[in-house]
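What you see below is based on every heavy atom in this structure, not just the backbone, and it leaves out hydrogens, waters and symmetry mates. Keep in mind it's a predicted model, so treat the numbers as computed, not measured. One-based numbering, in listed order, for ligands and for the atoms of each.
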Amino acid sequence: MQGEESRERTEVLITADQIRAKVAQLGRRITLDYQHRPLTLVAILKGATVFVADLMRHIDLPLELDFMALSSYGPSTRSSGIVRIIKDLDRSVEGRHVLIVEDIVDTGLTLNYLFGHLKARGPASVRICTLLDKPQRRQVAVPLHYKGFEIPDDFVVGYGLDYDERYRNLPDVCRLVRMAEA
Ligand code: 5GP
């Protein structure tokens, strides 16, 4: 598939079928692990929206869904390392088991900050569930309790992930390939 301005194209890295199977598997594990515990899914906007929508339908437990928005990539494809809360949770997570649902962990800076931040709000526990992990670029260690796929150091789009707000609607996870400047 080609970008509107033909500056880049996409190559499928993980198919929609592979994602579907993995998300179902993650949902089953989470269901078993959180039996009889008050669970709050905290999905990170906007990239994790597609993932959390699929994942929560494979979690057979009563749960609450909340969202946070953090500063992340602009048009550039590299992390700034600056984390800022743009949208906070709607409800308190005190005494609840929090599962952060993220699209991708790259340097780990975003989740490292969020993990510590949410722990300070008095939840019963905080864990992380990420669809994608790019371990090669990690700068800080973060505990990834639930992980979908490890991927190489490529910039990926699709299944909720964007490049400058485009490509979120692709059903597969794709590598973004820059074309040579014309
Ligand atoms: P970190 O703080 O771990 O470096 O970056 C986490 C955030 O950076 C992710 O939530 C995501 O928004 C963005 N990000 C990291 N790698 C990629 C990538 O390959 N593609 C896209 N679209 N976003 C990425």
Practice task
Using distance alone, determine whether V156 and ligand 1 share an N or O pair under 3.5 Å.
Solution key: yes
Fill in the blank from the handout: Those residues at least two apart in sequence (or on a different chain) that pass side chain to side chain contact (heavy atoms under 4.5 Å, CB included) with T40 are V42, E64, D66, V93, R96
Problem - Sub-4.0 Å heavy-atom approach of F155 to ligand 1 - result: yes
Practice task
Answer yes or no on whether K87 is positioned over the face of F67, meaning its NZ or CZ is under 6.0 Å from the six-membered ring centre and within 45° of the axis.
Solution key: no
Practice task
Would you mind running through ligand 1 and noting each atom that sits below 4.0 Å from a heavy atom of I104?
Solution key: 6 (C), 9 (C), 10 (O), 11 (C), 14 (N), 15 (C), 16 (N), 17 (C), 18 (C), 19 (O), 24 (C)
Practice task
Using a strict cut-off of 4.0 Å, indicate which atoms of ligand 1 neighbour a heavy atom of L161.
Solution key: 21 (C), 22 (N), 23 (N)
Completion exercise
So the atoms of ligand 1 within less than 4.0 Å of a heavy atom of D162 turn out to be 21 (C), 22 (N)
Handout entry: Close N or O approach (Y163, ligand 1; < 3.5 Å)
Key = no
Exercise for the section: Using a 4.0 Å heavy-atom threshold (strictly under), name the region of R137 that reaches ligand 1: side chain, backbone, both or neither. Expected result: neither
Practice task
Would you check, one step at a time, whether the test side chain to side chain contact (heavy atoms under 4.5 Å, CB included) holds for V52 with L41?
Solution key: CA-CA 8 Å; V52 79; L41 301 181; 4.1 Å; yes
Exercise for the section: For R138 and ligand 1, answer yes if some heavy atom of the residue is under 4.0 Å from a ligand atom, otherwise no. Expected result: no
Exercise for the section: Measure from the side-chain N and O atoms of H97 to the backbone N and O of R37, and report whether any donor-acceptor pair falls under 3.5 Å. Expected result: no
Exercise for the section: Look at the rings of Y146 and Y34 and say which category their plane angle falls in: under 30° parallel, 30 to 60° tilted, over 60° perpendicular. Expected result: tilted
Handout entry: Contact check, side chains of T130 and F51, non-hydrogen atoms, under 4.5 Å
Key = no
Practice task
Work out whether the distance between some heavy atom of G108 and some atom of ligand 1 is less than 4.0 Å.
Solution key: yes
Exercise for the section: Below 4.0 angstrom from a heavy atom of E102, which ligand 1 atoms are there? Numbered from 1 as shown, please. Expected result: 10 (O)
Practice task
Go through the structure and list residues passing salt bridge (Lys or Arg N to Asp or Glu O under 4.0 Å) with E11, not counting sequence neighbours.
Solution key: R9, R175
Problem - Flag, side chain of T15 to backbone of Q18, donor-acceptor distance under 3.5 Å - result: yes
Practice task
For ligand 1, indicate whether the residue D154 contacts it via side chain, backbone, both or neither (heavy-atom separation under 4.0 Å).
Solution key: backbone
Handout entry: Proximal atoms of ligand 1 relative to T110 (non-hydrogen, under 4.0 Å)
Key = 1 (P), 2 (O), 5 (O), 6 (C)
Exercise for the section: Report, in ascending order of atom number, the atoms of ligand 1 lying under 4.0 Å from any heavy atom of K134. Expected result: 16 (N), 17 (C), 18 (C), 19 (O)
Handout entry: Side-chain ion pair, E8 and R166, N-O less than 4.0 Å
Key = yes
